[in-house]
Amino acid sequence: MGMENGWFYIAMAGLLLQRGAELILARRHADWIRQQGGYEVGRSHYPLLVGVHLLFIAALFLEVTQGRAEPPHWWPVPFALFMMAQVLRIWSIHSLGPYWNTRILVVPGRSPVVSGPYRYLRHPNYLVVVVELLTLPTAFGAYFTAIFLSVLNLFVLLKFRIPAEEQVLMTETPYGEEMEGRKRWLPRLRQK
């Protein structure tokens, strides 16, 4: 049994509310980080990241409401993965506390967070976004959005975002020694 169209609008409203709340939280955290002597890097690629997320929302909405997208009979599988990613998102945000942001903001000399999911992964929040962009559209049968935006997002992450973030963390913090041995994407489940 497939999902009714109403579920799509509920999911979109939830996604928009979540993203709006995150932007408010990010702005508050950015102010705090700057008060701690922090600064931003990667400003030039930030519009690309924002563009990917806006395009994702628009493409998903259009493909489902104007296209012929229909949820597959196995929609609970990608939807469950999407919901599990939300748990990881909340855990990541909570673990970083006031250091979590949508921008790359660094406080020189501060040790990186190595608790929560950061105990196992360098970039759990980026993994969340990768999973979201693939699974939510798939749950609604929006396969073009799932594939195109996933590829575009990975390009922006791997070409611009992660290199910029890791470079500044390596030069301004003890990130290299703290994150040694932690995988970027797939967790290491056992500690030495």
Side-chain angles (χ1 to χ4, degrees), residues 3 7-33 40 42 45-46 48-61 64 75-106 112-140 142 145-147 149-158 160-162 164-166 169 175 178-179 182-189:
M3 289 185 284
W7 283 107
F8 173 72
Y9 294 109
I10 291 169
M12 289 300 289
L15 183 67
L16 292 171
L17 286 172
Q18 178 191 55
R19 295 302 196 260
E22 287 175 358
L23 289 174
I24 291 168
L25 184 62
R27 184 171 295 144
R28 187 178 319 142
H29 287 178
D31 291 343
W32 182 85
I33 290 169
E40 182 179 357
H45 77 257
Y46 187 70
L48 289 174
L49 203 64
V50 171
V52 167
H53 287 266
L54 291 175
L55 187 58
F56 168 71
I57 292 168
L60 177 57
F61 184 80
V64 171
W75 68 265
V77 173
F79 194 74
L81 291 171
F82 174 80
M83 295 306 292
M84 288 175 12
Q86 300 319 298
V87 172
L88 182 56
R89 174 187 291 281
I90 292 166
W91 191 20
S92 298
I93 292 170
H94 177 74
S95 296
L96 285 178
Y99 293 102
W100 178 85
N101 214 290
T102 59
R103 297 177 178 273
I104 301 173
L105 294 158
V106 64
V113 172
V114 292
S115 60
Y118 297 90
R119 181 176 177 196
Y120 308 103
L121 291 168
R122 290 183 188 197
H123 303 291
N125 201 61
Y126 298 149
L127 177 61
V128 166
V129 175
V130 167
V131 171
E132 284 178 336
L133 269 58
L134 188 60
T135 59
L136 187 61
T138 300
F140 292 101
T145 300
I147 294 167
L149 269 297
S150 291
V151 169
L152 184 60
N153 177 60
L154 279 173
F155 174 76
V156 172
L157 284 178
L158 297 175
F160 303 106
R161 180 67 172 206
I162 292 174
E165 185 170 329
E166 289 195 343
L169 289 173
Y175 180 82
E178 293 285 345
M179 291 297 182
R182 286 180 177 80
K183 303 294 184 188
R184 285 193 174 111
W185 299 100
L186 300 175
R188 181 181 72 180
L189 298 176

**Student:** State, to 0.1 Å, how close W75 and A139 come at their nearest heavy-atom pair, and which atoms those are.
**Tutor:**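 Scanning both residues completely, I find the closest heavy atoms to be CB-O, 3.3 Å.
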
**Student:** Should the pair H123 and Y126 be assigned to parallel (<30°), tilted (30 to 60°) or perpendicular (>60°) ring geometry?
**Tutor:**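 It falls in the parallel class, under 30°.
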
**Student:** Would you be so kind as to tabulate the donor-acceptor pairs closer than 3.5 Å made by side chains of residues 10-19, with sequence neighbours excluded?
**Tutor:**
from : atom 1 : to   : atom 2 : distance (Å)
Q18  : NE2    : Q86  : OE1    : 2.6
R19  : NH2    : E132 : OE1    : 2.8

**Student:** Checking T102 now: which residues fulfil side chain to side chain donor-acceptor pair (under 3.5 Å) with it, not counting sequence neighbours?
**Tutor:**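 Partners of T102 under the side chain to side chain donor-acceptor pair (under 3.5 Å) test: Y46.
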
**Student:** Taking only residues two or more places apart in sequence or in another chain, which ones pass salt bridge (Lys or Arg N to Asp or Glu O under 4.0 Å) with R28?
**Tutor:**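 Result, salt bridge (Lys or Arg N to Asp or Glu O under 4.0 Å) vs R28: none returned.
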
**Student:** Can you name the residues that form a salt bridge (Lys or Arg N to Asp or Glu O under 4.0 Å) with E22, not counting sequence neighbours?
**Tutor:**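 With sequence neighbours excluded, E22 shows a salt bridge (Lys or Arg N to Asp or Glu O under 4.0 Å) to R89, given in chain and number order.
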
**Student:** Side chains of V114 and R119: does their closest heavy-atom pair fall under 4.5 Å?
**Tutor:**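 A side-chain contact is absent here, since even the closest heavy-atom pair is not under 4.5 Å.
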
**Student:** So do L152 and L149 actually touch side chain to side chain, heavy atoms under 4.5 Å?
**Tutor:**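 Yes, at least one pair of side-chain atoms sits under 4.5 Å.
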
**Student:** Between R161 and N101, which heavy-atom pair has the shortest distance, and what is it?
**Tutor:**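 So the minimum-distance heavy-atom pair works out to NH2-O, 4.4 Å.
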
**Student:** Once rounded to the nearest 0.5 Å, what's the spacing between atom CE of M83 and atom CG of L88?
**Tutor:**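 With rounding to 0.5 Å, CE (M83) is 13.0 Å from CG (L88).
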
**Student:** Among all residues two or more places apart in sequence or in another chain, which pass the ring pair (Phe, Tyr, Trp, His ring centres under 6.0 Å) test with W32?
**Tutor:**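 So W32 forms a ring pair (Phe, Tyr, Trp, His ring centres under 6.0 Å) with Y99.
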
**Student:** With rounding to the nearest 0.5 angstrom, report the CD1 to CD1 distance, I104 to I33.
**Tutor:**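 These two atoms lie 11.5 Å from each other.
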
**Student:** Excluding sequence neighbours, so at least two apart, what forms side-chain contact (heavy atoms from CB on, under 4.5 Å) with L48?
**Tutor:**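 Expected list: H45, V156, F160.
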
**Student:** Under the criterion side-chain contact (heavy atoms from CB on, under 4.5 Å), I'd like the reasoning laid out for E166 against L169: C-alpha separation, chi angles, the key distance, then a yes or no.
**Tutor:** CA-CA 5 Å; E166 289 195 343; L169 289 173; 5.6 Å; no

**Student:** In the structure I gave you, are the side-chain heavy atoms of V130 and L157 within less than 4.5 Å of one another anywhere?
**Tutor:**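 V130 reaches L157 side chain to side chain.
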
**Student:** Going by side chain to side chain donor-acceptor pair (under 3.5 Å), name the residues that satisfy it together with T138, two or more places apart in sequence or in a different chain.
**Tutor:**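 Once residues adjacent in sequence are excluded, T138 has no partner under the side chain to side chain donor-acceptor pair (under 3.5 Å) criterion.
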
**Student:** With sequence neighbours left out, write down each residue that passes side-chain contact (heavy atoms from CB on, under 4.5 Å) with S150, or none if nothing qualifies.
**Tutor:**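 Per chain and number, S150 pairs via side-chain contact (heavy atoms from CB on, under 4.5 Å) with L133, L134.
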
**Student:** Could you tell me the separation between the CH2 atom of W91 and the OH atom of Y118, rounded to the nearest 0.5 Å?
**Tutor:**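 It is 10.5 Å, given to the nearest 0.5 Å.
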
**Student:** Look up atom CG in L55 and atom OG1 in T145, then write down how far apart they are to the nearest 0.5 Å.
**Tutor:**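 So the gap between those two atoms works out to 8.0 Å.
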
**Student:** With sequence neighbours left out, write down each residue that passes side chain to side chain donor-acceptor pair (under 3.5 Å) with R27, or none if nothing qualifies.
**Tutor:**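 Partners of R27 under the side chain to side chain donor-acceptor pair (under 3.5 Å) test: none.
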
**Student:** List the residues meeting side-chain contact (heavy atoms from CB on, under 4.5 Å) with H94, not counting sequence neighbours, and say none if there are none.
**Tutor:**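 Counting only residues at least two positions away or on another chain, H94 forms no side-chain contact (heavy atoms from CB on, under 4.5 Å).
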
**Student:** Measuring from N153:CG to H53:NE2, what's the distance to the nearest 0.5 Å?
**Tutor:**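 These two atoms lie 5.5 Å from each other.
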
**Student:** Within this structure, what is the OG-CD1 distance for the pair S95 and I90, rounded to the nearest 0.5 Å?
**Tutor:**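 Output value for this atom pair is 11.5 Å.
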
**Student:** Applying side-chain contact (heavy atoms from CB on, under 4.5 Å), name anything that partners V131, two or more places apart in sequence or on another chain.
**Tutor:**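 For V131, the residues satisfying side-chain contact (heavy atoms from CB on, under 4.5 Å) (neighbours in sequence not counted) are A85, L127, T135.
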
